[in-house]
Amino acid sequence: MRPALIVIAAFAAIATLLAWSRWLAGRRWAAAGHALLALVAAAAVVLAWPVAAYVKRFAPLTAPLPVAELAFERTGADRHRVTVTRLPSGRMQLLEVTGGEWRADLQVLRWAGWLAPLAPQTAYRIRALETRASADASTVVTHQLDPPAGAEPWAAGLGTRSGGPALVTQPAASRWLPMGDRVRYQIRLSEAGAVTVLPRGEPELRLPAE
């Protein structure tokens, strides 16, 4: 998205130079036309740049490919070391967690209207890994994986022809699943924002019913 905005900014600069040259040549109407083009292009950059900065905090979704893999290793009673590997980048994060169950907390981003041609259709962030002792536990511990994306820029809320905002974010989470020693999971995210978790490398592992 940012490269496109840089091209538009360059166009605005060229249009400004052309407007000035036409003005010096006494061609007032041509100068006004180029100045208007420069103004429109500059306004588009000013409005869209904060949106691009916000969107950059999300990763483009390459569904149906997995977005992450989690590997658990028991280090003590109700304690585990978790290796989170982002896919396809391979970036790894190491966490020390407590409890017996976990779930992934994600955020999905979609574009519509005037923003749709400027970015992929769907993007996402893996915000956190949440843990608890059991299904009966009232305490949930949140382990942050990505820094907060912040508030949506106001330009993203400009309406589309259908009346909705041009940019929409929504939370998405996996179901609660058991931890274990040397247990691995793969996280997948669909275009519709559905989170699926599959066991990896442990055929004998049986996931709880939905």
Side-chain angles (χ1 to χ4, degrees), residues 1-9 41 43-71 82-95 101-131 140 142-177 184-200 207 210:
M1 189 172 182
R2 283 186 174 182
L5 293 178
I6 292 174
V7 172
I8 296 174
V45 173
V46 170
L47 289 174
W49 192 266
V51 178
Y54 180 78
V55 168
K56 192 172 177 61
R57 300 184 179 101
F58 292 76
L61 178 61
T62 55
L65 298 178
V67 298
E69 283 193 358
L70 275 64
V82 188
T83 303
V84 182
T85 305
R86 305 298 183 96
L87 301 174
S89 68
R91 180 167 66 93
M92 301 176 69
Q93 293 171 278
L94 193 64
L95 303 174
E101 296 183 339
W102 71 277
R103 72 176 179 184
D105 175 30
L106 294 83
Q107 186 178 25
V108 179
L109 178 147
R110 293 189 182 86
W111 295 265
W114 64 280
L115 278 179
L118 300 179
Q121 193 63 31
T122 304
Y124 71 95
R125 296 172 60 243
I126 305 178
R127 294 190 293 191
L129 184 71
E130 298 179 336
T131 61
V140 174
T142 300
H143 305 271
Q144 203 75 31
L145 293 174
D146 277 351
E152 294 179 8
W154 72 269
L158 295 179
T160 63
R161 292 181 178 178
S162 61
L167 184 149
V168 177
T169 58
Q170 68 181 59
S174 69
R175 56 197 176 103
W176 288 100
L177 294 165
R184 295 169 56 219
Y185 292 98
Q186 186 180 87
I187 300 176
R188 291 174 178 264
L189 179 66
S190 71
E191 290 281 354
V195 182
T196 304
V197 179
L198 302 174
R200 302 289 292 177
L207 299 185
E210 293 282 1

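Basis for what follows: all heavy atoms, side chains included, without hydrogens, waters or symmetry-related copies.
A distance of 5.0 Å separates CD in Q107 from CZ in R125, rounded to the nearest 0.5 Å. Taking OG1 of T85 as the reference point, atom CG of L94 lies at 10.0 Å (rounded to 0.5 Å). To the nearest 0.5 Å, atoms CG (L70) and CG (L129) are separated by 6.0 Å. For the atom pair OH of Y124 and OG1 of T62, the computed distance is 6.5 Å after rounding to the nearest 0.5 Å. In this structure, M92 CE and T83 OG1 are separated by 5.0 Å, a value rounded to the nearest 0.5 Å. From Q93, atom CD reaches atom CG of D146 across 6.5 Å, with rounding to the nearest 0.5 Å.
Taking the side chain as every heavy atom from C-beta outward, Y185 and V82 never approach each other to under 4.5 Å.
Smallest separation of non-hydrogen atoms from A192 and Q170: O-NE2, 4.1 Å. Nearest approach of G193 to V108, heavy atoms of both residues: CA-CG2, 4.2 Å. Between S174 and W102, the closest heavy-atom pair is OG-CZ3, 4.2 Å. Taking all atoms of both residues into account, the shortest heavy-atom contact from S190 to L61 is O-CD2, 3.6 Å. A pairwise comparison of heavy atoms in R184 and E69 identifies NH2-OE1, 3.0 Å as the closest pair. Heavy-atom minimum distance, I126 versus R86: O-NH2, 3.6 Å.
Every pair tested for salt bridge (Lys or Arg N to Asp or Glu O under 4.0 Å) that includes a residue from residues 43-54 fails, sequence neighbours excluded, so the list is empty.
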With side chain to side chain contact (heavy atoms under 4.5 Å, CB included) as the test, would you mind laying out the steps for T142 and D105 before giving the verdict? CA-CA 9 Å; T142 300; D105 175 30; 5.8 Å; no
As a quick check of understanding, evaluate side chain to side chain contact (heavy atoms under 4.5 Å, CB included) for L87 and V67, giving each step before the final call. CA-CA 5 Å; L87 301 174; V67 298; 5.8 Å; no
Side chain to side chain contact (heavy atoms under 4.5 Å, CB included) for W176 and V140? Distances and angles first, verdict last. CA-CA 11 Å; W176 288 100; V140 174; 3.9 Å; yes
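Put simply, the side chain of R175 never gets that close to the backbone of V197: no donor and acceptor are under 3.5 Å apart. Listed for the R57 side chain is no donor-acceptor partner under 3.5 Å among the backbone atoms of P148. With Q186 contributing its side chain and P66 its backbone, the two residues share no donor-acceptor pair below 3.5 Å.
Partners of F58 by ring pair (Phe, Tyr, Trp, His ring centres under 6.0 Å), not counting sequence neighbours, listed by chain and number: Y54.
Under the side-chain contact (heavy atoms from CB on, under 4.5 Å) rule, I187 has a single partner from T196, V84, V195, which is V195.
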